[in-house]
Each structure stands twice: as C-alpha cells, then as structure tokens.
Amino acid sequence: MADTDIAFPTLSAADIAALRARGTVRHAKAGEVLWHEGDRRFPLFVVLSGAVDIIEHTSAGERIVTRHDPGAFTGDVDMLTGRGSVIEGRMVEEGDVLALESADLRRILSELPVLGETMMRAFLMRRTLLLDSGFEGLKIIGSRFSPATHTLVDFCSRNAVPYTLLDLERDAEAEGLLRTMGVKACETPVVIGRDGTWRSNPSVGDLAEYVGLVYAMAPDEVYDLVVVGAGPAGLAASVYAASEGLRTLTVDSTAVGGQAGTSSRIENYLGFPMGISGADLAMNAMMQAEKFGADISVPCVATGLRIQGGERVVRLNTGVELRARAVVVASGIEYRRLDVPRLRELEGAGIYYSATEMEARLCAGEPAVIVGGGNSAGQAAVFLGGRAREVHLVIRGNDLGKSMSRYLIDRIEGMSNVRLHTMSEVSALDGEQFLRAVTLRSSDTGREETIAARALFIFIGTVPNTRWLRDCVALDDKGFVLTGTALDPAQRGGEAWRLANRAPLFLETSLPGVFAAGDARSGSVKRVASAVGEGSMAISFVHAHLGMTK
Ligand SMILES: Cc1cc2nc3c(=O)[nH]c(=O)nc-3n(C[C@H](O)[C@H](O)[C@H](O)COP(=O)(O)OP(=O)(O)OC[C@H]3O[C@@H](n4cnc5c(N)ncnc54)[C@H](O)[C@@H]3O)c2cc1C
C-alpha cells in the first residue's frame, strides 16, 4: 500500500455509521476554522459532506498540506499526545462534520480495533509525510556551533517537535530575520513560534511550555501510578498500567524513548526483523501509552521521593509534588564522561553522547571520532560511517570482539572509511567555540596523533540516574536501585514495612509501593527487551501492592 493510502484512507459507510454512534454531527460554513495551530485537545472530525483543508502557516504564507473530502478524517499524532496542533483545519466547502472528542477517540481505538489501527497508522504516517514535505515548524535561529542551539535542536528532535534550524553561519535568511526582529546575534539562539512570537535563548522548560509539551498537572490529584522515566521500561510500565485501568502519569527529564530513543537502529528487539529506529520505537510506544490514557510530561525532573501517610510523593525540580499510590522508578542510566581537559566546555559544540540523524548532519562529509568498544559505539560507527568522511573508532583494549556483538564488528570491518585505533585514548581536545581536533595517544608507544575532527562521540560506559534517590531508597555500591531479595533485612525493616506487614515483592524497592525497572535497577540486563519486560512486569506487582493496601 502506498504511504499516502495509509495516511489518507477513506472510511467505509459501515465505519462512519460506527463512528456516528460515538460523536456529534454539526454543520460548518465555508471558511470556518475547525481548530487553530496551537490548539490542544480539540476534536477529530470525520468529513460527511463538504471539504476540510489542512493548512500550514509558513514564512511565505499559507500552504495547503492536504484536503479532506467526504469519508476522510482529520487528525495526527497530537490527537493522542495532547500537544498543541502544528497545523490548522479549515472548512473550505460548507458541509457536515462528525466531531469526536479525545475521550471518544480513545474509546474508539479500544472498542473498534480494526478501525482504530487504520486511524493510528494514518496518524503516524501523516506526521512522517508532513516532516518529509519540508514542513517548517518552529524556527530556531542560532549557530550550529553553539551548545545552547544544540540543546534546543536536540530537545526538539528527540521529542518529535517539528523545527527548522536557520544556521547563522550558513543561512542568509537567519541574519535578515534577526535584523527584522531587532535581535542581536549575541542574543541567539532565538526560537520563533508559528504565530510569529519569539523568545531569546529559552531554557528547554520554556521551550516545552511554548510548544505545548508540558502536561498540566492537577496538584491535588492522587494518581494510581507515577512512572519516573519514559525510556523503554517506563513506557512499558505506562502502557500496561494505563491499559489495565490505572490512572497513570509518566514524567521524563529529557525526552520520551530514553537511551533507546537515541539509537539509530535497534536490530535485536523482538518483532522487528528489519530493525527499528529508536525514534520510531519511542513515538510508537508513546502513542500506545497515550492511547490507553496515560499522561506523559516532558521535561519534568524528579528530585526526591518519600512516603507520606498512605501516599508516595515524587518531588519535581519545579517544586511541584506528585502524589501517587504507587511509583515505578525507571530513570535508567546515562553515559560516563571522558577525563580529558576542556570536555565540559565543548559538550554540545562537537562533543556528543548520542549519534542520531541530527548529529550525523553536523559531521556529514567530515571526519568523526567515536570512543568506546561496546554495541552503542558499534552502532554509531556503522551509522556515521555512511555519513561522515571517515570514522575513527577508539578503544582502550586491543580486541573489539571482547565487548561488541559480532554482527556489528562484521559490518565495521566491511566499511572502508572506518579506522580502528586499538590501545588508544583521547589525550587532548582542540577548538575555540567548537571542536576542531581530537588528539589520540597510544598506550603502547606513547605516540600521539591529531585528527582534524569536528565531532567526538563518547560511549564509554554508564552511571545510573539515581542521584535523586540517594536518601530515599536503598542503592547498591554503584548506585543502582536494590529490589526484592537483594535488599538486606535492615533495608526491609522499618516502620513502612511493619505497616505493610509483608516482604518486598520482586522489583519492589526498600520503600513499599515503590518499584524499580530497567537499567536503573541493580542486577538488570541492560537491554531494550529486558527493560520493556521489567516495566511490564512491574505493573503486576503494583496491582498486588494496591490490592494489599485496600
Ligand atoms: C545508542 C544506544 C544504542 C542502544 N542499542 C541497543 C540495542 O540495539 N539493543 C538493546 O537491546 N539495547 C540497546 N541499548 C540499550 C537500551 O537502550 C537500554 O538498555 C534501555 O533504553 C534501558 O531502558 P530504561 O527505560 O531502563 O532506561 P533509559 O532508556 O535510560 O531511560 C531512562 C529515562 O529516564 C529519564 N530520567 C532520568 N532521570 C530522571 C529524573 N530524575 N526524572 C525524570 N526522568 C528521568 C531519562 O531522561 C530517560 O529518558 C542502546 C543504548 C544506547 C544508548
């Protein structure tokens, strides 16, 4: 089936009859705006008669993205995510539309699975086609060499927020726009919204607010479950919890997808014989969780956790406290930093901890250096090898086979532009505002070699994202969260356990009703499949805990 057939199916009379029973028919005049850009939680419309145009407001004026005739339906992924709409819907020919509110849509997706699948596939494909069509989205004006610009661009691309980067170094339009707005280059990066308003050097929190990513939390609400971390473990927990009727809120400090979301291609996750990109896996999982009614809020950093009365309280960096009957900790791990002078200064300005499409664009046609001998480094070498002029893969040992899967080694060996530096480490970084060169030192000979590379990718092991839990739950000596039988008797004692009157369940931490899943958990296998497995499994223990505390 062609992509456009998937994106724009025509509903059958039977489908429309089933939908009619769940929505409200109304008449709309030509020219009526059904929803504006930026609107949230507006209805999905099935066109019964007349026609609806989907319009993008570009800098050059209006662009009609598509026209929906009778039998078609409006909507894309934001129908479920609740984010602000990136396009406008306008009636162009007077007629009747069937309006389905977001709650109606969720019911349809669960009660009419075949029709629901058609709609979900259409939503996902529409977003892909929209982005491929040169959709402008937000405009970010800044230098591609600036860490602040990189932070904003990274946030948008990891959170599937459509954007266009106008690079001060390359795009003539960038300077012209700044002049028109009366903004100096030192005030960049500047983000221009689709309504023409702009902000100078916003934080990611401001940007998220601006594009409607932040979920409006009700401070008095007691959730059945709060999930901290929206990587594979947290998303799996959210899908299972929401689908089993638990009122679920999931928060993430950075982006949906976690580490997996930064992978260019995951090839060993069951059910995807051709592999799946981390970005697609994250988007699909997010839609699945939201389809069942989970709310997801990004960016939202958990800074502490405690039990208060019968509730678990998760404190956020904003000062907001989330109350829940149970918590799943799925905050994963993050990459270690290299111990080399000037590293912090150049992070985001040539030094990266993930190799996605965005970073690949920055080093296209230029040399890139990757440090690390694990599978993440291997995937990055294969991916960047297709884009960079040459890739230097640097490992401290003498044998890639000790830490990397054979399939990746075979691919790397088959790439003529990937050069392996064994027994080597990075000894110096050079560059003013942006990385210009990386010096490698051989631990065998002490000889140094300087590579004129504008990108250095670091994949040298990990540390758990559990600093926020340090005084809250028991951690092992490396900082991973202890659960179940790994807790020693002292960690399973105390008032909370006396009141619970039971032993910790498998995946339960030293606080009753607080569970841990995925890479952050002590003893877990650091893989997508195991994180997904643990996240799903945690929900059966959440039910057991809730059942025992009724
Ligand atoms: C580049 C790369 C490629 C990989 N490729 C593969 C592969 O091919 N196959 C495979 O099986 N595995 C692969 N892995 C490993 C796999 O991605 C991880 O095992 C998996 O993502 C772990 O999932 P998780 O949910 O436990 O944690 P994570 O994915 O680490 O997610 C944790 C989430 O928690 C959030 N968070 C952290 N602290 C806080 C806080 N205080 N408050 C709120 N949120 C917080 C983070 O932002 C993050 O989104 C790869 C990893 C990387 C980095």
Side-chain angles (χ1 to χ4, degrees), residues 154-155 158-159 204 226-238 249-270 272 275-279 281-282 285-286 296-305 314-318 320 322 327-336 352-356 359 370 372 374-384 404-405 407-408 457-470 472 479-481 507 516-522 524-536 538:
D154 182 50
F155 182 80
R158 287 193 60 191
N159 284 288
V204 285
V226 166
V227 180
V228 179
L235 286 170
S238 314
L249 172 65
T250 303
V251 295
D252 197 288
S253 54
T254 317
V256 168
Q259 299 165 69
T262 68
S263 170
S264 42
R265 188 148 291 273
I266 297 167
E267 306 217 26
N268 52 4
Y269 186 45
L270 188 74
F272 295 93
I276 180 165
S277 78
L281 186 66
M286 178 173 79
I296 299 180
S297 190
V298 181
C300 226
V301 185
T303 55
L305 173 66
V314 176
R315 198 175 54 248
L316 302 180
N317 61 339
T318 52
V320 168
L322 302 172
V327 170
V328 171
V329 171
S331 49
I333 56 181
E334 65 186 10
Y335 276 96
R336 275 186 207 286
Y352 309 109
Y353 295 88
S354 60
T356 66
E359 288 84 13
I370 300 171
N375 280 356
S376 315
Q379 282 179 2
V382 170
F383 176 57
L384 295 171
M404 195 179 285
S405 297
Y407 81 96
L408 285 168
F457 295 86
I458 301 173
F459 299 101
I460 53 162
T462 50
V463 280
N465 281 322
T466 52
R467 283 176 299 277
W468 65 285
L469 290 167
R470 226 168 249 166
C472 316
F480 290 92
V481 184
L507 300 188
D519 282 11
R521 195 179 73 81
S522 179
S524 66
V525 176
K526 311 307 186 223
R527 289 278 185 279
V528 174
S530 22
V532 167
E534 289 194 4
S536 327

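Atoms within a ligand are numbered from 1 in the order they appear, just like the ligands themselves. Treat the numbers as computed from the prediction; the structure is a model and nothing was measured.
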Pairwise side-chain contact, Asp154 with Glu359, heavy-atom cut-off 4.5 Å (strictly under): yes

Any N/O pair [X]/ligand 1 closer than 3.5 Å:
X: Pro232; answer: yes
X: Arg527; answer: yes
X: Val528; answer: yes

Distance (rounded to the nearest 0.5 Å) between [X] [atom1] and [Y] [atom2]:
X: Ile266; Y: Ser277; atom1: CD1; atom2: OG; value: 8.0 Å
X: Ser331; Y: Asp519; atom1: OG; atom2: CG; value: 10.0 Å
X: Trp468; Y: Arg315; atom1: CH2; atom2: CZ; value: 10.0 Å
X: Leu281; Y: Tyr269; atom1: CG; atom2: OH; value: 6.5 Å
X: Met286; Y: Ile296; atom1: CE; atom2: CD1; value: 6.5 Å
X: Ile370; Y: Gln379; atom1: CD1; atom2: CD; value: 11.0 Å

Summary of salt bridge (Lys or Arg N to Asp or Glu O under 4.0 Å) pairs that have at least one residue in residues 458-469, sequence neighbours excluded: Glu334-Arg467

Salt bridge (Lys or Arg N to Asp or Glu O under 4.0 Å) partners of residues 254-268, not counting sequence neighbours, each pair once: Glu267-Arg411

Which option out of [options] puts a heavy atom nearest to [atom]?
atom: atom 8 (O) of ligand 1; options: Gln379, Glu267, Arg521; result: Gln379
atom: atom 46 (C) of ligand 1; options: Asp252, Thr262, Asn268, Val298; result: Asp252
atom: atom 44 (N) of ligand 1; options: Ala517, Ala529, Ser253; result: Ser253

So which heavy atom in the protein is nearest [atom], and how far is it from that ligand atom?
atom: atom 37 (C) of ligand 1; value: Ser331 O, 3.2 Å
atom: atom 19 (O) of ligand 1; value: Asp519 OD2, 3.0 Å
atom: atom 2 (C) of ligand 1; value: Ser376 OG, 3.8 Å
atom: atom 42 (N) of ligand 1; value: Ala302 N, 2.9 Å
atom: atom 30 (O) of ligand 1; value: Gln259 NE2, 2.8 Å
atom: atom 25 (O) of ligand 1; value: Ala233 N, 2.9 Å

What atoms of ligand 1 come closer than 4.0 angstrom to any heavy atom of [X]?
X: Ala260; answer: 17 (O), 21 (O)
X: Thr254; answer: 47 (O)
X: Trp468; answer: 41 (N)
X: Ala330; answer: 32 (C), 33 (C), 34 (O)
X: Val228; answer: 42 (N), 43 (C)
X: Gly518; answer: 26 (O)
X: Gly258; answer: 29 (O), 31 (O), 48 (C), 49 (O)

Examine the proximity of ligand 1 to [X] and report which part, side chain or backbone, both or neither, has a heavy atom under 4.0 Å away.
X: Ala531; value: side chain
X: Ile333; value: backbone
X: Tyr335; value: side chain
X: Ala255; value: backbone

Quick check: closest heavy atoms across [X] and [Y], and the distance to 0.1 Å?
X: Arg336; Y: Val463; answer: NH1-CG1, 3.5 Å
X: Pro232; Y: Gly257; answer: CD-O, 3.6 Å
X: Leu316; Y: Ala302; answer: CD2-CA, 4.0 Å
X: Asp252; Y: Gly231; answer: OD2-N, 4.1 Å

Side chain to side chain contact (heavy atoms under 4.5 Å, CB included) between Phe383 and Thr356, worked out: CA-CA 9 Å; Phe383 176 57; Thr356 66; 5.6 Å; no

Contact bool for atom 14 (N) of ligand 1 (protein heavy atom, d < 4.0 Å): no

Plane angle bin for Tyr352 and Phe457 - parallel if under 30°, tilted between 30 and 60°, otherwise perpendicular: tilted

Contact between ligand 1 and [X] is defined here as a heavy atom of the residue under 4.0 Å from a ligand atom; is it met?
X: Asn375; value: no
X: Cys300; value: yes
X: Ser354; value: no

Flag for Ser524-Glu534: side-chain donor and acceptor within less than 3.5 Å: no

